[in-house]
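What follows is a set of notes on a single structure, which appears directly below.
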Protein chains: 2
Amino acid sequence: MGRVGLSTERLVRAGAELADEVGFDQVTVSALARRFDVKVASLYSHVKNSDDLRTRIALLALAELADRGDVALAGRAGKDALTALADVYRDYAREHPGRYAAAQLRLDPEAAAASAGGRHARMTRAILRGYDLAEPDQTHAVRLLGSVFHGYVSLELGGGFSHSAPDTQETWTRILDALDVLLRNWPPER
Amino acid sequence: MGRVGLSTERLVRAGAELADEVGFDQVTVSALARRFDVKVASLYSHVKNSDDLRTRIALLALAELADRGDVALAGRAGKDALTALADVYRDYAREHPGRYAAAQLRLDPEAAAASAGGRHARMTRAILRGYDLAEPDQTHAVRLLGSVFHGYVSLELGGGFSHSAPDTQETWTRILDALDVLLRNWPPER
DNA sequence: AGTATTTGCCTAAAGATTTTAGGCAAATTA
DNA sequence: TAATTTGCCTAAAATCTTTAGGCAAATACT
């Protein structure tokens, strides 16, 4: 039996696909080995252990998301940019639910530092350049946007908004309208 | 060896404690058996399987959260109610991270129907009685509030806001202020 | 080309978790 | 006190994780 050509790269990529197909928590070293028609032990030359595999998938997802964000933000500002980045998260989660779940994995400090997390924070902050917010309000707003993006996408994906009258696209549009208004009229500290 | 007095109740309760201590995804039938100093197989008389156990912990968490919400909302309206319910989620997540994670478990339709999910939706809608929102805007607002509550709490818990200048309590307060303003001036469809 | 070395996937094996089946003794009921 | 139910047990199979050591294919060197 010749060599299949395993590599950390390929394993992580296949792991991400597997996650999208069966759910991130069903991603297992064994399942991945089956997918390559290879014995389980063979994977341990390319990946430290199960946790390492999952962390790498999370890092891949975060990087892919950041890449999409960069593209979406290029040449946009204000509400245009807000909508574009918001849609990046929502669309990615719908296209790649397993990867999106992976991106939510709690990373240890080391992995977190090496992750695209910083890029995400910078992208959100870039959006706010189109609005007139000084610190610390800008940070408050960054956190609000992060919360809404993540919260909405995660609830929608989890079916929290199912069986409901106004469809979720409509709500999404109106929420982004509302956030735009809010950012243009950010209430001062009282 | 006599009987320890296992029951579904006690197992689920202990499972919730275990989740808070070691994380929801580390909650395992085996670990629970060890905690009761009992053989693993003994648990299977009280719980169908691992999934059943986890689902029951999720249902417990959702019910506890709803109970706290009821108490918090009693006699409150408007921004007072908004803040009270928001704090219920945030405080619960901080006190019981494992349970909060459990509450995020994706339930199958049957379990979802039997869950306190409906109570949560009703509580959020109750808050909006203090604001002047007709359908479908009310539903949009319900979804926005749910997104912010869940998104913020989940990001804060995951350390997404760490190493940061304005502390998270400050941001939380300002976000609730902002939501209050937004709900009082909900932008019409354009 | 021929040899040496590294690399990649394998077999073997141990430990853990999940789950089912069937048994015996303690608790409950008659 | 006898009969029945109930609760925890032992046994065992299936799956997953992980480590150790082996052999052959790919790569590098003379």
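Below, chain A is the first sequence line, B the second, and so on; all start at residue 1. Every heavy atom of this structure was used, including side-chain atoms; hydrogens, water molecules and symmetry mates were not.
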### Task
Would you indicate which nucleotide in C:dT11, D:dT18, C:dT17 comes nearest to any side-chain atom of A:A41?
C:dT11
### Task
Send over the distance from A:L11 CG to C:dG8 C1', rounded to a whole Å.
12 Å
### Query
Between A:K48 (NZ) and D:dT19 (P), how many Å, whole number?
11 Å
### Query
If every non-hydrogen atom of B:Y131 is compared with every non-hydrogen atom of B:L183, which pair is closest and at what distance?
CD2-CB, 3.5 Å
### Candidate nucleotides D:dC16, C:dT19, D:dC8, ranked by approach to the side chain of A:S30 - the nearest
D:dC16
## Note on the structure
Atom CG of A:L32 and atom P of C:dC9 are separated, to the nearest Å, by 13 Å
### Message
Expressed as a whole number of angstroms, how long is the span from B:Q26:CD to D:dC16:P?
### Response
18 Å
### Task
Indicate yes or no: does B:R35 engage B:E21 in a salt bridge with an N to O separation below 4.0 Å.
yes
### Task
Round to a whole Å and report the spacing from CG of A:L6 to C1' of D:dA26.
15 Å
### Task
Quick one: do B:V71 and B:R68 satisfy side chain to side chain contact (heavy atoms under 4.5 Å, CB included)? Show the steps, please.
CA-CA 5 Å; B:V71 171; B:R68 285 197 185 195; 5.8 Å; no
### Message
Check the phosphate of D:dC9 against B:S42, side-chain N and O only, distance under 4.0 Å to OP1 or OP2. Yes or no?
### Response
yes
### Task
Apply the side-chain contact (heavy atoms from CB on, under 4.5 Å) test between B:V148 and each candidate in B:V153, B:L176, B:L179; give the one that qualifies.
B:L179
### Query
If you check every side-chain atom of B:Y44, which of C:dC9, C:dT19, D:dT6 has the closest atom?
C:dT19
### Task
Quick one: label A:A31 by what it contacts on the DNA or RNA (base, sugar-phosphate, nothing), any heavy atom closer than 4.0 Å.
nothing
### Query
Which nucleotide, C:dC9, D:dC8, C:dT19, lies nearest any side-chain atom of B:R3?
D:dC8
### Query
Given atom CZ of A:F36 and atom C1' of C:dG8, what is their separation to the nearest angstrom?
14 Å
### Query
How close or far is atom C1' of C:dC10 from atom CG of A:D37, stated in whole angstroms?
13 Å
### Message
Can you tell me if A:N49 has over 12 outside heavy atoms packed within less than 6.0 Å of its CG?
### Response
yes
### Query
In whole angstrom, what separates A:R35's CZ from C:dC9's P?
17 Å
### Query
Hey, does A:V4 reach any base, or is it just sugar-phosphate, or nothing, if we go heavy atoms under 4.0 Å?
sugar-phosphate
### Task
Tell me whether the OP1 or OP2 atom of D:dC16 has a side-chain N or O from A:S50 closer than 4.0 Å.
no
### Message
C:dT7, OP1 or OP2 - any side-chain N/O from A:H46 closer than 4.0 Å?
### Response
no
### Nearest-neighbour nucleotide for the B:K39 side chain, D:dC16, D:dC8, D:dC9 considered
D:dC9
### Message
A cation-pi test, strictly: NZ or CZ of B:R99 under 6.0 Å from the centre of the six-membered ring of B:F24 and no more than 45 degrees from its axis. Yes or no?
### Response
no
### Task
Examine D:dC16: is either OP1 or OP2 under 4.0 Å from a nitrogen or oxygen in the side chain of A:R34? Give yes or no.
yes
### Message
With a 4.0 Å cutoff (strictly under), does any side-chain N or O of B:T28 reach OP1 or OP2 of C:dT17?
### Response
no
### Task
Using a cut-off of strictly less than 4.0 Å, decide whether B:S45 has a side-chain nitrogen or oxygen near OP1 or OP2 of D:dT6.
no
